[in-house]
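One structure below.
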Amino acid sequence: MAGLIEPRTLKGFRDYLPAPMMARERLIETAKSVYRSYGFSPIDTPALEYAEILVGKGSDETDKQLFRFTDNGGRDVALRFDLTVPLARFSAQHHHELGLPLKRYHIGSVWRGETPQAGRYREFMQCDFDTIGTESNASDIETLLVIHDLMSKIGFERFTIRVNNRLVLNGLLEQQGLTEKSVGVLRAIDKLAKIGRGGVIEEMTSKVGTTQQQAERVLDLVGLTGTPSEILNQLETMFVGNEVGSTGTARLKELFEACAKAGIPSGRIELDLTIARGLDYYTGTIYETFLADKREIGSVCSGGRYDNLAGLFTKDRLPGVGASLGLDRLLAAMELLGMVETASTPAEILITQFDAPRLGDYLRLSRLLREAGFRVEVYPEATKLGKQLKYADKKGHKLAIIAGENEFNAGVWQIKNLRVQGQPLTMSEAHLVAELRKLLG
RNA sequence: GUGGCUAUAGCUCAGUUGGUUAGAGCGCCAGAUUGUGGUUCUGGAUGUCGCCGGUUCAAAUCCGGUUAGCCACCCCA
């Protein structure tokens, strides 16, 4: 046959096979339930927006990475590259009808036309949650609690949420007379872990245009060590008379104290003055979450406070705070850490089809078991039993139910536990559900 | 967007200085076992060597282009 079209996917885009897709859906379910447990409501927005809504609202980089084109009606449109800018538009448009504060979560795909690398794709999913319309530090603290619960509900024990506050950084920059160059300086500081002290100084002096002395001084301050409270005490002293720095310090102090009282294990939250976040719109608290066992993969949940989210869309001032779970990156880490189950079926029970004329009985049982809350699949063909069991084994069903003439005559069902070796159980239908519950525990 | 590395069976890869019909392991299919999986044994199928073009008597092998993956820069989830 000539003229076959080669099946292929676009650069940076990919298919999801059942096993990873099930892990992905589980992750999304977990995220939703945590968000809902704090009272965040779901919303959605269109994937495609007028380009003017998206252009220039992120960084220069995001403009370059936009998937942008003219639609059939001649409109200049683009795919969203994050969920925050759509949220800004959404808030400006709807906050009057919804009221403030607005707590929303938003799970959806975003697109960036950047060069793909491991764990970085042109289409990926974000799971954002934000609190709009309040400047209260309580929301900053709650955001951190949500991140913490999210990570532990997903199943991570060894992770740290690094916290900082832009006001502290701004205070430092103000004292060094670097306010004008803050974006470049912060971007350089953000790279400290990656390129080292010398690299950061080099970048600051050559690219950003600070003096050697300014660069060193900034790094000294940012590199303060000790427990959070020790560092905060030093900052407090340093910022006497500096309002911006003092406010940032006070907010961080309240955050650490409240988290301790709320029962977050110490050590899971770190004060790290070097995290700056590249995004220009953050103005207060900043969060980054690292997996202790997969630090190199980068932050899996990041966010922060922005005090004027929708300034480009409305004169109403809409401060907010929130964070975004990097679903695909997290999933890649979980795969590497062996946290993803290998089963490729959601069904826990396979009913084999032994006697084709008994199809009705198999289907009746399957409905009865589904009614009882089990996920049940009936094998579609009455082929050799060995083949059906092999299928169950491969797909990851936990139990198989078998019945042929012998069983039907005796009025029983046979249960085979595929996770262990051994003799199958046989029992009447009356006892079946209870036994299955026990086996699937 | 810039630079580097890579591309051989469904998957992971081998293929010696270009030389006849391109290999292995795993997986897949069938049988041993016509009522019982994951172990074992036996047999079997599968490739225009990513794609296009060039050099050559001869290309999986060399050259150019292209597409995709990976890595670095940049940025970020």
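Chain letters run A, B, ... following the sequence lines, proteins first and then strands; every chain starts at 1.
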Looking at every strand, decide which applies to [X] at a 4.0 Å heavy-atom threshold: base, sugar-phosphate, or nothing.
X      : result
A:Y391 : nothing
A:E407 : base
A:N417 : base
A:G396 : nothing
A:K416 : base

Under the criterion of centre distance below 5.5 Å and interplanar angle below 30°, is A:F124 classified as stacked on the base of B:A77?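 Stacked: centres under 5.5 Å apart, planes under 30°.
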Can I get a per-line list of side-chain donor-acceptor pairs under 3.5 Å for residues 401-413 of chain A, giving both atom names and the distance, sequence neighbours left out?
unit_1, atom_1, unit_2, atom_2, d
A:E407, OE1, A:G404, N, 2.9
A:N409, ND2, A:E405, O, 3.3
A:W413, NE1, A:E429, OE1, 2.9

Hey, does A:T289 have a side-chain heavy atom less than 4.5 Å from the side chain of A:M151?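 Side chain of A:M151 against side chain of A:T289, heavy atoms only: contact under 4.5 Å found.
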According to the ring-ring contact (aromatic ring centres under 6.0 Å, His included) rule, which pairs have a member within residues 114-135 of chain A, sequence neighbours left out?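 Residue pairs with at least one partner in residues 114-135 of chain A: A:Y35-A:F129, A:F40-A:F129.
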Protein N or O to nucleotides 1-3 of chain B N or O, pairs below 3.5 Å:
unit_1, atom_1, unit_2, atom_2, d
B:G1, N7, A:T115, OG1, 3.1
B:G1, O6, A:T115, OG1, 2.9

Residue that, paired with A:I147, satisfies side chain to side chain contact (heavy atoms under 4.5 Å, CB included) out of A:I161, A:V163, A:L325, A:V300: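 So, applying the side chain to side chain contact (heavy atoms under 4.5 Å, CB included) to A:I147 and each of A:I161, A:V163, A:L325, A:V300, only A:I161 qualifies.
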Considering residues at least two apart in sequence or located in another chain, which fulfil the side chain to side chain donor-acceptor pair (under 3.5 Å) criterion with [X]?
X      : answer
A:S366 : A:R370
A:T211 : A:Q214
A:E49  : A:R89

Sequence neighbours excluded, the answer for ring pair (Phe, Tyr, Trp, His ring centres under 6.0 Å) partners of A:F159 is A:H148
Given 3.5 Å as the limit, does a donor-acceptor pair link the side chain of A:Y362 with the main chain of A:D355, or not? yes
Side chain of A:D328, backbone of A:M125: donor and acceptor closer than 3.5 Å?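 Yes, because the side chain of A:D328 sits within donor-acceptor range (under 3.5 Å) of the backbone of A:M125.
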Name every donor-acceptor pair, under 3.5 Å, that has one atom in a side chain of residues 381-388 of chain A and the other anywhere in the protein, sequence neighbours excluded.
unit_1, atom_1, unit_2, atom_2, d
A:Q388, OE1, A:Q353, N, 2.7
A:Q388, NE2, A:Q353, O, 2.7
A:Q388, NE2, A:T383, O, 2.8

Given B:G69, B:A77, B:G35, the nucleotide with the shortest approach to the side chain of A:K11: B:G69
Which of the following nucleotides, B:C70, B:A77, B:U36, is nearest to the side chain of A:Q126?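 Taking heavy atoms from C-beta onward, the closest nucleotide is B:A77.
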Provide a list of protein-nucleic acid N or O atom pairs under 3.5 angstrom, restricted to nucleotides 5-8 of chain B.
none

Do A:R120 and B:C75 have a side chain to base donor-acceptor pair shorter than 3.5 Å?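 Checked by distance alone, the answer is yes.
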If you take atom types as modelled and just measure distance, does the side chain of A:R112 reach the base of B:C76 with a donor-acceptor pair under 3.5 Å? no
Set out, line by line, the N/O atom pairs under 3.5 Å between protein and nucleotides 27-33 of chain B.
unit_1, atom_1, unit_2, atom_2, d
B:G31, OP2, A:K384, NZ, 3.2

B:C51 to B:U6 separation - C1' atoms, rounded to the nearest Å: 16 Å
Does the side chain of A:Q388 get closer than 4.0 angstrom to OP1 or OP2 of B:U36 through an N or O atom?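 Result: no.
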Establish, with yes or no, whether the OP1 or OP2 oxygen of B:C73 is under 4.0 angstrom from a side-chain nitrogen or oxygen of A:K191.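 No.
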Please name all residues satisfying side chain to side chain contact (heavy atoms under 4.5 Å, CB included) with A:S41, sequence neighbours left out, ordered by chain then number.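 Scan of A:S41 (side chain to side chain contact (heavy atoms under 4.5 Å, CB included), adjacent residues dropped) gives none.
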Write out the stems for RNA chain B, ordered by first number and formatted as range with range, counting runs of at least 3 consecutive Watson-Crick or G-U wobble pairs under 3.5 Å.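 For RNA chain B the paired stretches long enough to count as stems (3 pairs minimum) are B:1-7 with B:67-73, B:10-13 with B:23-26, B:28-32 with B:40-44, B:50-54 with B:62-66.
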Using 30° and 60° as the class boundaries, would you call the ring planes of A:F13 and A:F67 parallel, tilted or perpendicular? perpendicular
Which comes earlier along RNA chain B counting from the 5' end, the contact point of A:I195 or that of A:R329, where each point is its nearest nucleotide? A:I195
